[in-house]
> 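The following block contains the structure, expressed as structure tokens.
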Amino acid sequence: MSAKEEAVDTVRFLALLAIAVLIFRSFFLSPFNIPSESMQPRLLIGDYLLVNKMAYGYSKYSLPFSAPLIPGRIFARTPERGDVVVFKAPPVADNDYIKRVIGLPGDSVQVKDGIVWLNGTPLKREAIADFVIPVTPNMVEASRATGTLPCFSMEFEEVDAAGQRQCRYKQFRETLPNGKSYNILDIKDITEDNTPLTIVPAGHLFLMGDNRDRSADSRFPAMENQGIGLVPEENLVGHALVGMFSTDGSASWLNPISWLTAARWSRIGDGF
């Protein structure tokens, strides 16, 4: 085989490999990283997940750059309450967000004094041990980018016995009517602890972050970088499947040992 033929075969192989990867990521599994604190305590900045893109069917938002190659939504399935979903955030549907499904089509949802009322009944919520998280380099970097603090405010920051900065928050266990339970943070009183009654229309979902005071979710009108309103099911990208890696952001490219020490090994393999 000539050098030219070998080069053509190599290019053909790489092209086919790229197509195979593209198809796999578009229709089966895709990686997703957590850039914010909106889903604490379940998800931390620096977590990397695999998302099951088969879970709820496919729309153009399943494809790279939201290419309009799929009409409407095919093989559609509505999520269950409590599912953690990745979706294209209204109103512009340019960015991937991750939230928890609270209200399905036809449900009524209202927040009263921080308690979620679903179809006229308050969700069960019980206090559990405080959530304590070390202040990590990626938390500091994220807070600088948004002009906030690594902890919600200075009153929630403390120093442990080893001199490490950490955040301490009140934590609760919330349970949905289907029995799905998960931990949430309700740090302090905010305006969105009380919302109007909302009836979720057909084809839409009411989504909330587990960190109720740091989540721009369905309690807020759909405005870019401020809220998402009620999310069309067509915007769904997939269902959070499993944590595949997690880092605290302390790794340096020049120090290979730090690649290991920065990893949060206990978070790898956590399912949803």
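For this chain, numbers begin at 1 and follow the sequence in order.
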> What is the distance from atom CG of Leu236 to atom CZ of Phe87, rounded to the nearest 0.5 Å?
8.5 Å
> Just by distance, do the side chain of Ser215 and the backbone of Arg212 share a donor-acceptor pair under 3.5 Å?
no
> May I ask you to decide whether Glu192 forms a salt bridge with Arg219, counting only side-chain N to carboxylate O separations under 4.0 Å?
no
> Can you name the nearest heavy-atom pair linking Pro35 to Ala142, along with the distance?
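Heavy atoms of Pro35 and Ala142 come nearest at O-CB, 4.3 Å.
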> To the nearest 0.5 angstrom, please state how far the CZ atom of Phe206 sits from the OG1 atom of Thr198.
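Separation between the atoms: 5.5 Å.
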> Any donor-acceptor pair under 3.5 Å linking the side chain of Ser59 with the backbone of Glu234?
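Side chain of Ser59 to backbone of Glu234, a donor-acceptor pair under 3.5 Å: yes, one is there.
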> How many angstroms lie between SG in Cys167 and CE in Met154, if you round to the nearest 0.5 Å?
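Result: 9.5 Å between the selected atoms.
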> Is there side-chain contact between Val101 and Leu207, with heavy atoms separated by less than 4.5 Å?
yes
> Can you tell if the side chain of Tyr48 reaches within under 4.5 Å of the side chain of Thr247, non-hydrogen atoms only?
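Side-chain contact under 4.5 Å: yes.
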> Within the distance-only criterion (no hydrogens, no angle test), does the side chain of Tyr169 pair as donor or acceptor with the backbone N or O of Phe152 below 3.5 angstrom?
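Side chain of Tyr169 to backbone of Phe152, a donor-acceptor pair under 3.5 Å: yes, one is there.
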> Taking Lys180 for its side chain and Arg81 for its backbone only, find out whether a donor-acceptor pair lies under 3.5 Å.
no
> Can you tell me if Ser246 and Asp47 form a side-chain donor-acceptor pair at under 3.5 Å?
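Short answer, yes.
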> Would you say Ile102 and Asp217 make side-chain contact, with heavy atoms under 4.5 Å?
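They are not in side-chain contact.
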> Only one of Val86, Asn52, Ile98 passes side chain to side chain contact (heavy atoms under 4.5 Å, CB included) with Val237; say which it is.
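That would be Val86.
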> Considering all heavy atoms of both residues, which atom of Met39 and which atom of Gly209 are nearest to each other, and what is their separation?
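Between these two residues, the closest heavy atoms are SD-CA, 3.7 Å.
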> Which class fits the ring pair Phe75 and Tyr58: parallel under 30°, tilted 30 to 60°, perpendicular over 60°?
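Geometry flag for Tyr58 against Phe75: perpendicular rings.
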> Under a 4.0 Å N-O cut-off, is there an ion pair linking Lys88 with Asp96?
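A salt bridge links Lys88 with Asp96.
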> When rounded to the nearest 0.5 angstrom, what is the spacing between CD1 in Ile133 and CG in Leu44?
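Ile133 atom CD1 to Leu44 atom CG measures 4.5 Å (nearest 0.5 Å).
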> Are Val132 and Leu185 connected, step by step, through hydrophobic side chains (Ile, Leu, Val, Met, Phe, Trp, Tyr) whose heavy atoms are closer than 4.5 Å?
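No; Leu185 is not reachable from Val132 via cluster members.
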> Kindly check if the number of other-residue, nucleotide or ligand heavy atoms within 6.0 Å of CD (Glu141) is above 12?
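No, the 6.0 Å shell around CD holds no more than 12 heavy atoms from other groups.
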> Between Val140 and Val135, does the side-chain contact (heavy atoms from CB on, under 4.5 Å) criterion hold? Intermediate values first, please.
CA-CA 7 Å; Val140 172; Val135 174; 3.7 Å; yes
> Before accepting this row, confirm whether a basic side-chain N of the pair Lys188/Asp213 lies closer than 4.0 Å to the acidic partner's carboxylate O.
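So Lys188 does not pair with Asp213 through a salt bridge.
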> For Tyr61 and Ser66, work out which heavy atoms get closest and say how close.
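Reported closest heavy-atom pair: CD2-OG, 3.3 Å.
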> Answer yes or no: is there a side-chain heavy-atom contact under 4.5 Å between His239 and Arg77?
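A side-chain contact under 4.5 Å is absent here.
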> What verdict does the side-chain contact (heavy atoms from CB on, under 4.5 Å) test give for Arg100 and Tyr182, after you've listed the backbone C-alpha separation in whole Å, the side-chain angles of each residue and the deciding distance to 0.1 Å?
CA-CA 10 Å; Arg100 190 179 298 276; Tyr182 44 88; 3.5 Å; yes
> Are any side-chain N or O atoms of Ser258 and backbone N or O atoms of Ser252, one a donor and one an acceptor, separated by less than 3.5 Å?
yes
> Taking Gln110 for its side chain and Thr195 for its backbone only, find out whether a donor-acceptor pair lies under 3.5 Å.
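Confirmed, Gln110 side chain pairs with Thr195 backbone.
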> Just one of Arg173, Glu174, Gln40 clears the side-chain hydrogen bond (donor to acceptor under 3.5 Å, both in side chains) bar with Asn183, so which one?
Arg173
> Does the side chain of Ile228 reach to within under 4.5 Å of the side chain of Tyr97, using non-hydrogen atoms?
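Contact flag for Ile228/Tyr97 side chains = yes.
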> Donor-acceptor pair, distance only, cut-off 3.5 Å: does the side chain of Asp193 make one with the backbone of Asp113?
no
> Which pair of heavy atoms, one from Gly229 and one from Ser218, lies closest together, and at what distance?
O-OG, 2.6 Å
> Indicate whether any N or O donor in one side chain lies under 3.5 Å from an N or O acceptor in the other, for Asp83 and Tyr56.
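Asp83 vs Tyr56: donor-acceptor pair found between side chains.
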> Is there side-chain contact between Pro232 and His204, with heavy atoms separated by less than 4.5 Å?
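They are in contact (side-chain heavy atoms under 4.5 Å apart), so the answer is yes.
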> Hey, does Leu123 have a side-chain heavy atom less than 4.5 Å from the side chain of Leu176?
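When only atoms from C-beta onward are counted, Leu123 and Leu176 do touch, with a gap below 4.5 Å.
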> Where is the tightest heavy-atom contact between Lys60 and Pro68, given as atom of each residue plus distance?
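Looks like CB-CA, 4.0 Å.
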> With a 3.5 Å distance limit and no angle check, can you tell me whether Gln171 reaches the backbone of Ala129 through a side-chain donor-acceptor pair?
yes
> Salt bridge check: are Arg73 and Glu233 linked by an N-O gap of less than 4.0 Å?
yes
> Enter the distance from Asp130:CG to Arg168:CZ here, rounded to the nearest 0.5 Å.
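One finds 5.0 Å between CG of Asp130 and CZ of Arg168.
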> Taking Ser108's backbone N and O only, do any of them form a donor-acceptor pair with Trp117's side chain (distance below 3.5 Å, no angle check)?
no
> Output the distance between atom CZ (Phe220) and atom OG1 (Thr191), rounded to the nearest 0.5 Å.
8.0 Å
> What pair of heavy atoms forms the shortest contact from Ile187 to Asn211, and how long is it?
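Answer, listing the atom of Ile187 first, then Asn211: CD1-OD1, 3.7 Å.
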> Take Ile184 and Arg125, measure what side-chain contact (heavy atoms from CB on, under 4.5 Å) needs, and give me the verdict at the end.
CA-CA 9 Å; Ile184 65 168; Arg125 191 173 89 160; 3.8 Å; yes
> side-chain contact (heavy atoms from CB on, under 4.5 Å) for Thr136 and Ile45? Distances and angles first, verdict last.
CA-CA 9 Å; Thr136 58; Ile45 295 175; 5.9 Å; no
> So, does Ser143 use its side chain to make a donor-acceptor pair with the main chain of Leu149 at under 3.5 Å?
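Checking the backbone N and O of Leu149 against the side chain of Ser143, no donor-acceptor pair under 3.5 Å is found.
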> Under a 4.5 Å cut-off applied to non-hydrogen side-chain atoms, are Glu158 and Gln166 in contact?
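In contact.
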> Check whether more than 12 heavy atoms from other residues, nucleotides or ligands sit under 6.0 Å from atom CD1 of Ile257, and answer yes or no.
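Atom CD1 in Ile257 is not packed in, count stays at 12 or less.
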